[in-house]
Amino acid sequence: MAARLWRAPLFAMKIATWNVNSIKVRRDNVVRWLREAEPDVACLQELKCTDEAFPHVAFEDLGYNVAVHGQKTYNGVAILSKFPMEDVRPGLPGDAEDDQARYLEAVISRDGGVVRVASIYLPNGNPADSPKYDYKLDWMARLKAHAEQLLSYEEPLVLAGDYNVIPAEEDVHDPDAWRDDALFLPETRGAFRAILNLGFTDAWRASSDEPHRYTFWDYQGGAWQKNHGIRIDHLLLSPQAADRLMACNIDKAPRSWQKPSDHVPIWAELAF
DNA sequence: ATGTCAGAATGGTTCTGA
């Protein structure tokens, strides 16, 4: 009889990401979803507000610790965590001139389990013939370099956020309509694969063979009603996190609520 | 008219970014 190697998990850590498109407008929707989904960790993007203006109390009242890397008008990322956060680091290394608030990282510590989590708002990059696309590709190269550094720690790591990357044809309702878009160009998808190929697992793709499941539907043209969506919000798992992956899902209901974000939450559960 | 939304500067409308 072989030795019994398996043991029952002690607990699960549910880690989510959601581009909220203004935390001031979306506060009550986010509170509602946190009550329903009860994630242990929630990474938020596109806060569109400063650290001071962030509605800390609404989330602290639900039992979350709050880390914010805000910015006036644009961008802004946060991490909400039921457990204490250490080593909180705002900003993506690699360019001292870059003042856009698009990256925040923290170590979540719980008895018997530690996971490093990043909240990522990767540049959109449109139009693709403009300097905005160069900035997107530069940012992706910096993310790759930093991710390589983080992988060397050999710990559970989740890079969660709005990547503004459609990985494959099956992740968009009409590939031809997006062919020349900065979210779907071959160079964009190649840069995304270069990050994955460092050793990351796309949590959604590891959990489901189902094509045409989306995390974003444009406000324009009735995209939600017609299910003309794209999958651009991703959870990338280090090997030590991927080994613990129990479940991953997209919560599309919030897109049908009043005053919705154009994105919906996606989450993964890791067993410890 | 991208059949839209959010923020900001403005002066009640127009611009930017997505």
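All values derive from a computational prediction rather than experimental measurement. Proteins come first, then strands; the chains are lettered A, B, ... in the order of their sequence lines, and each starts at number 1.
- No side-chain donor from either of E46(A) and S22(A) sits under 3.5 Å from a side-chain acceptor of the other.
- The separation between N75(A) atom CG and dG17(B) atom C1' is 10 Å, rounded to whole Å.
- Between K48(A) and the phosphate of dC5(B), there is no side-chain N or O to OP1/OP2 separation shorter than 4.0 Å.
- One atom, CG of D262(A), and another, P of dG17(B), lie 17 Å apart when rounded to the nearest Å.
- Separating the OH atom of Y135(A) from the P atom of dA18(B) is a distance of 10 Å, rounded to the nearest angstrom.
- With distances taken from any side-chain atom of E46(A) to the nucleotides dA9(B), dA6(B), dA18(B), the minimum falls on dA18(B).
- Distances from the side chain of K72(A) to the nucleotides dG17(B), dA6(B), dA9(B) place dA9(B) closest.
- In this structure, K48(A) contributes its side chain and Y74(A) its backbone to no donor-acceptor pair below 3.5 Å.
- Between the C1' atom of dG17(B) and the NZ atom of K136(A) lies a distance of 14 Å, rounded to the nearest Å.
- Among the atoms of the strands shown, only primed sugar atoms or phosphate atoms (P, OP1, OP2) are found under 4.0 Å from some heavy atom of Y121(A).
- Put simply, K24(A) has no side-chain N or O that comes within less than 4.0 Å of OP1 or OP2 on dA6(B).
- Counting only N and O atoms by type, the side chains of N19(A) and D233(A) include no donor and acceptor under 3.5 Å apart.
- With DNA chain B read from its 5' end, the first of the two nearest nucleotides for T73(A) and D162(A) is the one closest to T73(A).
- Under 4.0 angstrom from either OP1 or OP2 of dG7(B) there lies at least one side-chain N or O belonging to S22(A).
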L143(A) vs W139(A), test: side chain to side chain contact (heavy atoms under 4.5 Å, CB included). Steps then yes/no. CA-CA 6 Å; L143(A) 179 61; W139(A) 207 94; 4.1 Å; yes

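- What separates CG of N21(A) from C1' of dT4(B) is a distance of 10 Å, to the nearest Å.
- In this structure, the CG atom of L122(A) is 14 Å from the C1' atom of dA18(B), given to the nearest Å.
- Within the nucleic acid shown, R102(A) comes within 4.0 Å of sugar-phosphate atoms alone, with no base atom in reach, counting heavy atoms only.
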Could you give me the CA-CA distance, side-chain angles and deciding distance for F54(A) and F59(A), then say whether ring-ring contact (aromatic ring centres under 6.0 Å, His included) is met? CA-CA 10 Å; F54(A) 187 89; F59(A) 306 114; 5.6 Å; yes

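- Between dA6(B) and R26(A), a contact under 4.0 Å exists linking OP1 or OP2 to a side-chain N or O.
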